[in-house]
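Beneath this line is the structure, given in structure tokens, with notes to follow.
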Number of protein chains: 2
Amino acid sequence: MSEALQARVRGDTLGETPATAAGSPPVSAAVPVSRHATYPTHLDPRIEALVKDLIGRVADKWTLLLLEVLEEAGGPLRFTRLSERVEGISQKMLTQTLRQMERDGLVHRKIYPVIPPKVEYSLTPLGHSLGEAFCGVWIWAAHNLDAVEGARSAFDARETE
Amino acid sequence: MSEALQARVRGDTLGETPATAAGSPPVSAAVPVSRHATYPTHLDPRIEALVKDLIGRVADKWTLLLLEVLEEAGGPLRFTRLSERVEGISQKMLTQTLRQMERDGLVHRKIYPVIPPKVEYSLTPLGHSLGEAFCGVWIWAAHNLDAVEGARSAFDARETE
DNA sequence: CTGCATCCTAGTCGATACTG
DNA sequence: CAGTATCGACTAGGATGCAG
């Protein structure tokens, strides 16, 4: 899923996109979920590719969960607190995901040079805005859970017959 | 990101994922209602889990791409057309993703009993609505590409120093 | 044309052990 | 406490070959 990303990270020339919104106002969020049949990304196939890539990365399971936990917490959380709240995550994945999110500018990592170590993680404005953007999907999911469950049952029944 | 899904589809027991199994009515556990107040899903931790799961599945790379291609096409597309438009997808993944989406009620599969075979795929209203929900994320991604790129460069530079 | 079955590999995740 | 390092299990996903 991340070939393109990898390429970009490595420095390959894949078009440095100057931008989608160079001069536009920063991250206004309010989940626009618009109505049109066509997508808002017909700008440039290159940008589209990057966007897809970005989405793919950001739509990772743990990223999503961490995003929500941090959003929910409303403030900084320490490593251990996070691992407690995100049930089922291994500390490896926690570290890894946090690093990625930090790299992508979604979370801020504050280190207190004390013993024992203390590190606090919090959402950056960017991270927060992403959380809001996902709100639409979140709502969709909550709203259409039954529909999906139903479709699935129907499908499985059809298969089994 | 979709291990859990795969597992469930296969019928494995991979502890963790709550019983979402297709036919069985949701297990109503007497779980304390959660405490947060910021997200739109503070309905029930159970639902939250399902929603997370659902999102995890639906946020898959190929699903996203197919969703967009179908959305963009505005009408039914044949298997081969799809494979042409979603660059880089193997036929295995195409079939697999399509099946999953069909199972989840996102796409409709119309088979013409002719020779050679002809099958058309189109978005169901549910699938279309999901596309719209993702619109917010899509916009966020397009809008914040540079921010993320920047954050990443900065991060990498910091690491390298 | 559509799509299932098979094989095979690269990457991913989890558990464990160790350190500043 | 907050990680890093390592190893092993698992599997997503590409390539091929075949069938309806």
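Labels below follow one simple rule: chain letters A, B, ... track the order of the sequence lines, proteins then strands, and each chain is numbered from 1.
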Taking all atoms of both residues into account, what is the closest heavy-atom pair of [X] and [Y], and its distance?
{"X": "A:G136", "Y": "B:A133", "result": "O-CB, 3.7 Å"}
{"X": "A:L130", "Y": "B:W140", "result": "N-NE1, 3.3 Å"}
{"X": "B:E120", "Y": "B:P76", "result": "OE1-CB, 3.5 Å"}

Nearest whole angstrom, please: distance from the [atom2] of [N] to the [atom1] of [X].
{"X": "A:L94", "N": "C:dG14", "atom1": "CG", "atom2": "P", "result": "11 Å"}
{"X": "B:I115", "N": "D:dG20", "atom1": "CD1", "atom2": "C1'", "result": "8 Å"}
{"X": "A:M93", "N": "C:dT16", "atom1": "CE", "atom2": "P", "result": "16 Å"}
{"X": "A:E84", "N": "D:dC1", "atom1": "CD", "atom2": "C1'", "result": "12 Å"}
{"X": "A:L82", "N": "D:dC1", "atom1": "CG", "atom2": "P", "result": "14 Å"}
{"X": "B:K61", "N": "D:dG13", "atom1": "NZ", "atom2": "P", "result": "8 Å"}
{"X": "B:E120", "N": "C:dG3", "atom1": "CD", "atom2": "P", "result": "12 Å"}
{"X": "B:I111", "N": "C:dG3", "atom1": "CD1", "atom2": "C1'", "result": "11 Å"}

*Under the 3.5 angstrom rule, does the side chain of B:S83 hit a backbone N or O of B:Q91 as a donor-acceptor pair?*
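No, B:S83 side chain to B:Q91 backbone: no donor-acceptor pair under 3.5 Å.
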
_If we check side chain to side chain contact (heavy atoms under 4.5 Å, CB included) with B:M101, which of these qualifies: B:L126, B:T63, B:D60?_
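The single option meeting the side chain to side chain contact (heavy atoms under 4.5 Å, CB included) with B:M101 is B:T63.
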
*Within the structure shown, what part of the strands sits under 4.0 Å from B:Y112 by heavy-atom distance: base, sugar-phosphate, or nothing?*
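No contact at all - B:Y112 keeps every heavy atom at 4.0 Å or more from the nucleic acid.
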
*Which residue lies toward the 5' end of DNA chain D, B:I89 or A:L98, if each is placed at its nearest nucleotide?*
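Closer to the 5' end of DNA chain D: A:L98.
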
*Short side-chain N/O contact to D:dG3 OP1/OP2 from A:Y121, under 4.0 Å*: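 Looking at the OP1 and OP2 atoms of D:dG3, one of them is under 4.0 Å from a side-chain N or O of A:Y121.
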
_When you measure from the side-chain N and O atoms of B:R78 to the phosphate of C:dC1, is any distance below 4.0 Å, counting only OP1 and OP2?_
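Result: no.
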
What N/O pairs connect the protein and nucleotides 4-10 of chain C at under 3.5 Å? Give each pair on its own line.
residue	atom	partner	partner atom	Å
C:dC4	OP1	B:R99	NH2	3.0
C:dC4	N4	B:Q91	NE2	2.4

_Counting only side-chain heavy atoms from C-beta out, which of D:dG3, D:dC1, C:dG3 sits nearest to A:F79?_
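The nucleotide sitting nearest to the side chain is D:dG3.
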
*Residues A:R152 and A:E149 bridged, charged N to O under 4.0 Å*: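 So A:R152 does not pair with A:E149 through a salt bridge.
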
*What orientation do B:F79 and B:Y121 show, parallel under 30°, tilted 30 to 60°, or perpendicular over 60°?*
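B:F79 and B:Y121: tilted rings.
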
